[in-house]
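Read through the structure below, which is laid out as structure tokens, and then see the notes.
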Amino acid sequence: MTYAPYAQKRRFAVFKFFQRMQPGFIVGLTILSLSLILALFPSYIAPYDPNAFDFNAVQSPPSDLHWFGTDSLGRDTLSRVIWAYSVNMQMAFLATIFSLLIGVTIGALVGYYRGFSDVVFGRCVDAIITFPFLVLVIAVVAVLGPGLINMYIAITVVGWVYYARLMRAEIMAQMANDYASAGKVMGYSDSRIIFRHLLPNAITPVIVYWMTDMALAILLGSSLGYLGLGAQPPEAEWGVLIAEGRNFITTAWWLSLMPGIAIVITGFGFSLVGDGVADLLRPRG
Amino acid sequence: MFQQSSSSDVKTGQQSTKSIRYTSKALPLLDVRNLSTSFGHDTEKLLAIDDVSFTVAPGEILGLVGESGSGKSITLRSILGLTKRYGQVEGKVLWKNQNMNIMKNKELRRIRGSEIAMIFQEPMSSLNPLLTVGLQIDENLKAHTKLSRSARKKRSIELLDLVGIPSAADRLDDYPHQFSGGMRQRVMIAIALASEPELLLADEPTTALDVTIQQQILDLILDLSKNMNMSVIMVTHDLGVAAQTCDRIAVMYGGKLVEVGPVREILRNPQHPYSIGLLRSVPEDVAPRSELYSLPGIPPSLADRPKGCCFAPRCPAAMTKCVTDRPELQQAGNSCSVACFNPQTITSGNIA
Amino acid sequence: MTENTSLLHVTNLSHQFKIDPSIFDVILRRPSRYVKVLNGIDLNLARGETLGVVGESGCGKSTLARCLVGLYPLQNGEILFNNQNVSHKTRAEQRDYNRRVQMMFQDPYSSLNPRMTVGQVLHEALSVHKMRSETEIPERINELLDLVSLPRDAADKLPHQFSGGQRQRIAIARALSVEPEILIADELVSALDVSVQAQVVNLLLDLQERLGLTILFVAHDLRLVRHVSHRVAVIYLGSIVEIGSSDSLFANPIHPYSRALLNAAPSIDPDKKNTTAPLTGELPSPLNIPSGCAFHGRCPHATEICKKSKPELKALDGHGEIACHHAKELALS
């Protein structure tokens with residue numbers, strides 16, 4: 001009897017952890033996990049070779065054989081959308097991870113040291129964010145030439161600023177706490193205070209932004225693919241697929257609609273996970 | 001002052017309107033009976049204040065003393081019905097014999113801010129930063145008096161003058177951020193006084209202020225109470241503040257009143273071990289650098305209050321009965337009431 | 001008091017913060033404005049003593065504490081620790097100095113990293129300063145927890161699992177982990193409940209006795225300062241107006257500001273009413289400190305000289321040192 005409440009309390013704690021995971025978060029996680037599986041194992045899942053022509057089934061509408069229909073060369077749209085998962089999920093990660101790493105480092109250092117570095121940083125930010133994001137990225141791609149790698153470079157050149165700005169503000173807010181001063185009084189090195197003490201407490205909003213940014217990166221990458229500046233045909237990529245279907249939008253609507261739906265669902269998954277992560281990372285008490 | 005009115009005359013007294021000041025010495029101005037406030041639902045019910053009863057006579061200053069989490073602020077807010085939105089309030093709050101706890105919002109509004117006013121610890125968060133001070137006083141005057149526009153302005157200046165703000169006429173058009181902390185507290189008191197309340201609820205009014213300013217504000221509240229025959233309930237954690245301003249003191253612990261009585265009785269001959277401990281842990285008139293008397297442990301959190309007396313786990317004089325049963329507030333001879341099975345004196349052996 | 005006996009010797013310490021100029025200030029080429037927080041502080045801390053520092057909010061007592069541990073760079077003045085100048089330090093010197101001069105903060109909720117367990121906090125301090133070898137650290141952590149009367153299983157818990165008083169114990173343990181000689185306590189117990197305050201104050205006094213610590217106790221609660229301090233300094237607008245032994249200063253303050261401050265503290269005896277008239281007016285802005293004696297605008301004894309020249313701290317027979325032109329007359333009255 002005396003131990004019962006204690007045991008109950010512990011079970012309650014575990015239960016509470018799952019309770020903290022909002023239903024939206026679970027939906028988002030499911031979407032992203034499925035997307036990841038599609039991205040990693042397209043060859044096992046796709047029913048057809050994405051690049052195999054089938055001239056017996058040109059532009060056939062969705063049917064038992066081809067769930068998402070076929071294109072003007074008889075390629076199976078479902079298989080092409082599935083194969084595009086690996087390109088687009090890779091895009092979500094690679095187009096953002098370098099922005100994240102560079103932005104977090106610079107933002108943390110600038111937020112910690114302030115002074116002259118802050119003035120220089122401020123001018124950089126002003127210069128970059130006064131241009132529309134897409135226009136700037138297109139300009140960089142135009143200089144470097146089209147292609148996936150150059151697209152990643154272009155997005156990183158512009159994108160790190162947003163992470164750095166967020167990080168700087170969060171670090172400055174955390175510095176108002178006495179534990180930062182306590183670290184200095186304990187004689188800890190600046191790098192220890194920044195990366196061991198301040199960063200773990202300041203990173204949450206950046207991670208949340210990262211999740212939305214990955215969704216945006218897919219959108220941006222598809223846009224560039226659509227414009228012919230990102231992935232190049234015949235590679236299966238959602239933007240490229242939509243562009244290919246553009247001319248047949250009245251006769252073969254599935255060619256553009258199906259990759260479009262894939263973009264929407266994946267983006268939705270990223271935002272849901274972003275919100276859920278924000279809840280989980282919030283320190284308790 | 002302690003005379004209890006029978007429940008049959010609770011519904012009378014409807015005729016007591018704003019114009020007639022409540023002067024009956026026989027009946028308390030405010031009579032709080034068995035007030036309990038709880039938050040949350042049935043499964044996880046947190047009892048913030050538990051069966052609290054006390055009275056306030058006209059012109060009297062009552063100090064509600066306790067540590068953080070003792071429920072003193074919630075008691076104050078429950079009187080005005082401000083906690084109803086978040087929790088359940090049970091019991092009776094008899095204001096001139098009318099039960100405020102069952103009043104509709106419309107009736108409550110007639111009392112709130114006009115007959116009963118409230119001031120808070122942090123004046124900046126309770127003043128609207130976007131409106132001038134003059135406008136905020138005027139607003140209150142408009143709501144609670146029938147004065148004309150020019151008369152209201154004149155009254156606003158009088159009020160600022162009354163609370164000791166220099167060159168009051170010029171400061172009507174200033175915004176709250178243009179005042180210092182002490183002056184802001186004065187402005188808030190001026191707003192509260194606009195309706196000439198009969199009871200002022202003061203929630204830690206000087207905690208955010210420096211001692212020299214604290215003294216000015218306390219003197220002001222004392223003067224106003226005397227001159228306007230205004231009753232005050234002063235919530236504070238500082239025994240010194242209570243000692244210097246209050247007529248009676250009610251000590252709260254774990255959501256219950258543990259000791260109530262005249263200020264001198266409570267501070268000189270406390271009987272509840274908690275009051276004794278609290279008083280003795282104040283480093284006044286003790287040898288410098290000697291070990292201070294300190295209560296062991298920490299106050300209980302809302303979520304796990306002990307079954308018996310809330311203070312029992314920290315009490316040096318606890319008996320087995322204290323762990324199982326909860327003591328009720330009872331008359332203890334010298335005009336004090338104590339909720340304790342084993343009352344002590346400040347010099348008794350069990351405590352030292 | 002000669003320099004030989006004092007562990008920490010501060011001379012003419014001043015500190016000011018620049019106010020960020022607004023766009024109009026830049027366009028109109030207005031001169032930069034400074035908040036003068038500390039104006040020539042002279043202090044001596046003898047080994048093993050407690051010096052209390054009292055004053056109202058905004059008087060500069062917290063800035064003084066932060067300057068002394070090097071959280072703010074030294075702008076003006078000199079700090080001697082063990083007769084060695086610590087004014088211009090490299091990173092390594094700063095670390096060595098901080099190992100011997102530690103600080104504890106007011107807010108028990110923000111002074112501990114919310115994501116580190118108590119064990120991690122102490123482990124970090126011990127290993128960065130190489131106070132113990134890695135294998136001895138767990139043992140030392142237990143010792144430290146015992147020292148501040150926390151249960152040993154506290155090491156595995158995060159700060160949010162503790163009450164305010166316990167968190168301040170953790171902060172004390174962290175400061176003590178590097179075995180400092182001086183502890184600077186900035187409003188250590190102000191945020192705690194009265195009954196818990198007494199516990200922490202007792203702990204501090206006990207530790208001082210056992211470890212021979214020197215303590216600078218910064219607080220606004222005069223009763224507490226009186227209780228823990230051997231000597232007390234009263235600060236007004238960044239200057240010390242009176243400094244002396246705790247007994248004489250509290251029993252018989254001379255400076256009009258000390259008198260007002262000490263008398264304003266409400267006694268727990270209802271019949272011990274404050275007889276002196278309360279101070280009029282409020283603290284002037286540190287942006288433009290009054291000329292002469294900074295207190296003259298609020299002082300009931302101010303004369304012409306007080307408006308013109310700033311009084312120096314001078315020793316007065318039977319009292320401490322007082323910065324007041326009329327100290328002698330006031331001592332007689």
Side-chain angles (χ1 to χ4, degrees), chain A residues 6 9-10 12-13 16-17 20 104 108-109 111-116 118-119 121-123 126 170-207 277-285, chain C residues 20 62 65-66 68-73 89 91-116 120-122 124-131 157-163 167-168 170-171 174-175 177-178 180 182-184 186-187 191:
Chain A
Y6 182 63
K9 231 178 205 170
R10 294 199 48 147
F12 193 60
K16 251 198 173 151
F17 180 79
R20 276 165 69 90
V104 162
L109 293 174
Y112 184 77
Y113 288 108
R114 304 291 307 277
F116 186 65
D118 203 23
V119 177
F121 174 75
R123 295 292 156 269
D126 291 346
E170 280 301 316
I171 290 280
M172 277 163 54
Q174 287 296 325
M175 296 249 304
N177 286 328
D178 280 337
Y179 72 83
S181 305
K184 283 186 198 172
V185 174
M186 290 308 299
Y188 298 157
S189 64
D190 287 352
S191 65
R192 176 179 284 271
I193 295 175
I194 297 173
F195 294 108
R196 178 121 170 75
H197 291 262
L198 294 170
L199 200 71
N201 287 298
I203 200 81
T204 308
V206 179
I207 299 292
V277 167
D279 279 347
L280 283 182
L281 289 185
R282 203 176 297 136
R284 272 142 279 176
Chain C
D20 284 339
S62 278
R66 281 165 189 257
L68 290 184
V69 290
L71 272 177
Y72 296 136
K89 346 180 217 318
R91 214 44 233 217
E93 277 171 349
Q94 168 85 49
R95 177 157 53 224
D96 186 52
Y97 173 68
N98 276 146
R99 194 195 68 63
R100 302 163 79 179
V101 182
Q102 266 299 314
M103 176 164 176
M104 293 158 315
F105 297 85
Q106 170 174 10
D107 183 1
Y109 293 93
S110 85
S111 66
L112 295 168
N113 185 340
R115 286 176 197 275
M116 284 171 82
Q120 285 171 331
V121 167
L122 297 177
E124 184 178 37
L126 291 167
S127 72
V128 165
H129 287 277
K130 302 194 175 60
M131 299 305 295
K157 291 186 183 161
L158 286 165
H160 73 84
Q161 293 169 285
F162 295 95
S163 69
R167 282 159 164 258
Q168 290 304 53
I170 299 167
R174 174 175 61 188
S177 65
V178 295
I182 300 182
L183 276 185
I184 292 177
D186 184 11
E187 303 270 14

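Chain naming here is simple, since letters A, B, ... match the order of the sequence lines and numbering starts at 1 in each.
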One should read off an interatomic distance between A:D118 CG and A:Y112 OH, to the nearest 0.5 angstrom, of 14.5 Å
query = Within the side chain of C:R167, is there an N or O that forms a donor-acceptor pair under 3.5 Å with the backbone of C:P108?
reply = yes
Most contact-rich option vs chain A, by heavy-atom pairs under 4.5 angstrom, among C:M116, C:Q161, C:R99, is C:M116
Whatever's closer than 4.5 Å to a heavy atom in chain A on C:L71 counts as side chain
So, the part of C:R174 with a heavy atom under 4.5 Å from chain A: the answer is both
Under 4.5 Å to a heavy atom of chain C? For A:R192 that would be side chain
Less than 4.0 angstrom from a charged side-chain N to a carboxylate O is my criterion; do A:D190 and C:R91 meet it? yes
side-chain hydrogen bond (donor to acceptor under 3.5 Å, both in side chains) with C:N98: of C:R100, C:Q94, C:Q102, only one passes, and it is C:Q94
